[in-house]
There are 2 protein chains.
Amino acid sequence: MDITTAPTAFSALSQPTRLNVFRLLVKAGNIGMLSGELGQALGIRQNTMSANLAILLQSGLIRNARNGRTIRYFADFNGIHGLLAFLMEDCCGGNPALCEPLITQLTCNPNTHKEDNDACYSS
Amino acid sequence: MDITTAPTAFSALSQPTRLNVFRLLVKAGNIGMLSGELGQALGIRQNTMSANLAILLQSGLIRNARNGRTIRYFADFNGIHGLLAFLMEDCCGGNPALCEPLITQLTCNPNTHKEDNDACYSS
DNA sequence: TAAATATATCAATAATTCATGATATATGGA
DNA sequence: TCCATATATCATGAATTATTGATATATTTA
C-alpha cells in the first residue's frame, strides 16, 4: 500500500453502498456473502451492485471466489491491514513499532490460521 | 460516525494531497503543522491547500486552531477512532467488545491526558 | 492607517464518478 | 441443446469534484 494505491482504496469506501457492502463483509468474516445476497440485503440493483463490487475488488479491500453460478465475496483482511497501517504510519509520536501490533490486532485476520491470530478468537 | 458521515470522511482521504496532509498530521501528533508548512512540504499552491484542508476539516479527521496570522492543523484522533470503529464494527466474528479496545489503542490519542492513554507513550 | 503576511472564498472550466437500461457471459439443469 | 439463474460489461447522461486565477478577510508590524 502506498500513496498511489491508498487513495483508490479510500475512494472505494467513500460511497454508501460500497461502505455498507464492506461492513457486511467484515461482519461476515470467512463465511463471506454472495453477490446476490449483498444486493438483496441492501436493496441495490444487480448491475449497480456488480459495478460497486468490482470497484471494491480493485481496491484490494475485498476478494471473491466463484462457486458454480454464484460468486462469494469476502473482506480481505490483509488488504485492510495494509491500508490502515499506511494511514496511521508513525502515529503515537513516531513510534511505528508500538502501533504496528495494534493495527495487526485490529484487523485480526480470519484468513490466517487460528493459532497465528489468537487475539481475534480467544475470549 | 454513521453511514451518512463516514463516506465523507473516506472521500476526504481519497485524494493524494489530502491523504499526504493527513499522514503528516498523524506523524506530527499534538505539535501539528501550519497550513503554510503543509503546502511547502507537499509543493501545493496556497488556495488548493486551503480548499483541501477545508474538506479534511469538514470530515472531522483534522481540526485547527488560529494563532495570530497562522492557523495550525492537527489530526483529530477522536474522529479517526470513530471512523475506524465504524469501519471495523463487529469484526473478528462479531465480537465488538473484543475489537473495540484494539481500535482505541490503534488510534492512541495525544489530545487526551497521558495517563488515560499510557499504551501510546510507554516504551 | 498603510503595508505585508497568512489563509480563505469565489467563479469557471475540466475531469471524474454514478446509476441506469440494455446486453453479454458463465454455469447448471432439463 | 435449450432454458433459467447468477453475475459482468457497455454506453450514456446527470451529478460531483478538482484545480486555477482572482480576490477577499484576518492579523501583525511600521
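The sequence lines fix the lettering, A, B, ..., with proteins before strands; numbering per chain opens at 1. Because the structure is predicted, anything quoted here is derived from the model rather than measured.
- Hydrophobic clustering of Ile, Leu, Val, Met, Phe, Trp and Tyr side chains at less than 4.5 Å, counting indirect connections, keeps B:Ile55 apart from B:Leu13.
- Residue A:Asn47 is classed as a base contact, given a heavy-atom separation below 4.0 Å to a base.
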Between B:Met33 and B:Arg72, is the side chain to side chain contact (heavy atoms under 4.5 Å, CB included) condition met? List the steps. CA-CA 5 Å; B:Met33 288 179 76; B:Arg72 187 170 293 269; 5.6 Å; no

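- Residue A:Arg72 is classed as having no contact, given no heavy-atom separation below 4.0 Å to the nucleic acid.
- Within the nucleic acid shown, B:Ser35 comes within 4.0 Å of sugar-phosphate atoms alone, with no base atom in reach, counting heavy atoms only.
- Residue pairs that meet the side chain to side chain donor-acceptor pair (under 3.5 Å) test with at least one member in residues 36-50 of chain B, sequence neighbours left out, do not exist here.
- Rounding to the nearest 0.5 Å places CG of B:Leu57 at 9.5 Å from CG of B:Asp76.
- D:dT9 atom C1' lies 15 Å from atom CD of A:Gln58, rounded to whole Å.
- Put simply, B:Gln15 has a side-chain N or O that comes within less than 4.0 Å of OP1 or OP2 on D:dT19.
- The span of DNA chain C lying next to chain A, judged by atoms under 4.0 Å from heavy atoms, is bounded 5' to 3' by C:dC18 to C:dG28.
- At distances below 3.5 Å, at least one donor-acceptor pair connects side-chain atoms of A:Arg23 with backbone N or O atoms of B:Phe86.
- When each of B:Arg45 and B:Ile55 is assigned the nucleotide of DNA chain D with its nearest heavy atom, B:Ile55 is the one assigned upstream, toward the 5' end.
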Scan nucleotides 27-30 of chain D against the protein and return all N/O pairs shorter than 3.5 Å with their distances rounded to 0.1 Å.
from	atom 1	to	atom 2	distance (Å)
D:dT28	O2	B:Arg69	NH1	3.4

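- Residue B:Leu61 holds its CG atom at 6.5 Å from CG of B:Leu56, rounded to the nearest 0.5 Å.
- Mapping A:Thr17 and B:Thr70 onto DNA chain C via the closest heavy atom, the residue that lands nearer the 5' end is B:Thr70.
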List the steps, then state whether side chain to side chain contact (heavy atoms under 4.5 Å, CB included) holds for B:Leu38 with B:Leu24. CA-CA 8 Å; B:Leu38 289 164; B:Leu24 285 176; 4.0 Å; yes

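- Relative to the ring axis of B:Tyr73, B:Arg63 does not place its NZ or CZ within 45° and under 6.0 Å from the centre.
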